[in-house]
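A quick write-up on the structure given underneath.
Position 1 is the first residue of the sequence, and the numbers go up from there.
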Amino acid sequence: MITVDEALEALFALVTALPSEEVPLAEALGRVLASDVAARRDQPPFAASAMDGYALRNDEVRHGARFEVIAEAAAGHGFDGAVGAGQAVRIFTGAPLPKGASRVIIQEDVTRKGDGITLNEDLDPKPHIRPKGCDFRIGEVMSAPRILRPADIALLASMNCATVSVTRRPVVALISTGDELVMPGDSPGPDQIIASNTFGLKALLESHGAKARILPIARDRIPSLETAFGLAAGADLVVTIGGASVGDHDLVGQVAGQMGMDRAFYKVAMRPGKPLMAGRMGAAAMVGLPGNPVSAMVCGQVFLAPMIRAMLGLGARRTSRLTARLAAPLPPNGPREHYMRARLTPEGLVAEGRQDSSLLSVLAEADALLVRPVNDPARTTGETVEYLDF
């Protein structure tokens, strides 16, 4: 068996960052920016009023000063003339600052009668002007790679970018295996269960930026597995669930090998998820996950998610670990790295009492995977431990 870190290094060696594609900005949320983007304009493109009020010359501002209102300026409708001595322009937020003006007096600080205004006492000292380019200048760069958030989309739009170059989404083919499985909504026989892993893994993979395809269930027969692998053609990553162990009915490794898989490793010193297999099948990376539901989902979080990030150009590194204080003691860990289902509480991190790898109800209640290193000693309440968000 190899360690989790050794398995990750082998998995990263199976994949490379994918090429980019151009997409409309309106469809870029959550995508990974593939190349730097430079602003095509200043923002704002002119000095603009930050408040509703009156634009005038700052050297004339004093209590009781009177000004003639000669024009009006609004957002999208500026005043083309200039502000002279004793003059003011009624101005609204976002409007270009007229020539000659160097301050905006907010409307609450003036008394207006007809076409004239008088400045009140206790004037707000701020100029209320947004200088040209105070947000960003032409040529300033949004750097890649980065996952585009709503705020990034807004910034790119203001930089006048209608399209953006993003990394192509990795295509993942998901193959559940086993005579015991039926799809959700079907009527299982007396010896059958529902194929839950595929749907959980699809959700997990797509939450990390992949495009996952659920293929028909492969039965425990060589022709059925061969058909399933054939349907996976064109995928960047092929993931099988179940059948990767060494039982008489575990045929995934055998069939994959016959179809040209170059195996990288088999078995990882972790729990849950020991029977994990990986390699390459032609142009695609291939990962064989264990069939127990919790094992498959934990391996998806520990191994598949980092692979997807690497394929998106976000770097080949394991998922960042967080730390928390233990709210209850833990016994010593054994010779395999243990990813324990756990809950974050106000008192700290609590490991679930039942850690069986078949219990999806426990996994659904958990919001963390508490990471126990190999041969980790007993831990007491209050000690700091590492965990993964889940």
Side-chain angles (χ1 to χ4, degrees), residues 24-31 33 36-144 146-164 322 344 346:
L25 186 60
E27 299 174 11
L29 179 64
R31 302 296 298 273
L33 188 67
D36 295 351
V37 179
R40 301 174 182 176
R41 65 196 313 255
D42 297 328
Q43 180 63 21
F46 42 73
S49 177
M51 300 287 282
D52 294 344
Y54 294 86
L56 41 77
R57 290 167 45 168
N58 187 52
D59 59 5
E60 296 184 308
V61 173
R62 65 185 183 278
H63 168 235
R66 295 178 56 81
F67 298 85
E68 178 189 4
V69 180
I70 61 171
E72 182 176 290
H77 302 282
F79 171 55
D80 290 336
V83 175
Q87 295 179 331
V89 169
R90 177 70 166 123
I91 197 166
F92 298 92
T93 304
L97 191 72
K99 295 175 184 176
S102 53
R103 184 165 172 181
V104 173
I105 303 296
I106 61 175
Q107 59 191 13
E108 293 86 355
D109 284 356
V110 309
T111 300
R112 179 165 182 171
K113 289 185 179 179
D115 290 334
I117 60 169
T118 302
L119 303 190
N120 300 338
E121 294 186 54
D122 300 323
L123 296 174
D124 187 327
K126 296 178 182 178
H128 297 298
I129 295 169
R130 294 175 180 143
K132 177 181 177 179
C134 67
D135 192 358
F136 56 81
R137 293 279 189 177
I138 291 174
E140 289 190 28
V141 169
M142 177 183 287
S143 58
R146 65 197 291 161
I147 299 173
L148 293 173
R149 305 163 301 152
D152 299 321
I153 300 297
L155 178 55
L156 286 166
S158 68
M159 292 165 70
N160 201 22
C161 298
T163 62
V164 66
L322 305 171
L344 287 164

Do [X] and [Y] come within less than 4.5 Å of each other through their side chains, counting heavy atoms only?
| X | Y | value |
| --- | --- | --- |
| Asp42 | Phe136 | no |
| Arg31 | Ile147 | no |
| Leu156 | Leu148 | yes |
| Thr111 | Ile117 | no |
| His63 | Leu123 | no |
| Ile105 | Leu119 | yes |
| Met51 | Phe92 | no |
| Asp52 | Ile91 | no |

Working to the nearest 0.5 Å, report the span between CD1 of Ile106 and NE2 of His128. 5.0 Å
Indicate whether the side chain of [X] and that of [Y] have a donor and an acceptor atom separated by less than 3.5 Å.
| X | Y | value |
| --- | --- | --- |
| Arg90 | Gln107 | yes |
| Arg66 | Thr118 | yes |
| Asn160 | Arg40 | no |
| Asp135 | Ser158 | no |

Which atom pairs, donor and acceptor, lie under 3.5 Å between side-chain atoms of residues 70-85 and protein residues at least two apart or in another chain?
none

Any carboxylate oxygen within less than 4.0 angstrom of a Lys/Arg side-chain nitrogen, looking at Asp124 and Lys126? no
So does Asn58 get a backbone contact from the side chain of Ser102, meaning a donor-acceptor N/O pair under 3.5 Å? yes
Ser143: what forms a side-chain contact (heavy atoms from CB on, under 4.5 Å) with it, not counting sequence neighbours? Asp36, Arg146
Does CG belonging to Leu25 count more than 12 external heavy atoms closer than 6.0 Å? yes
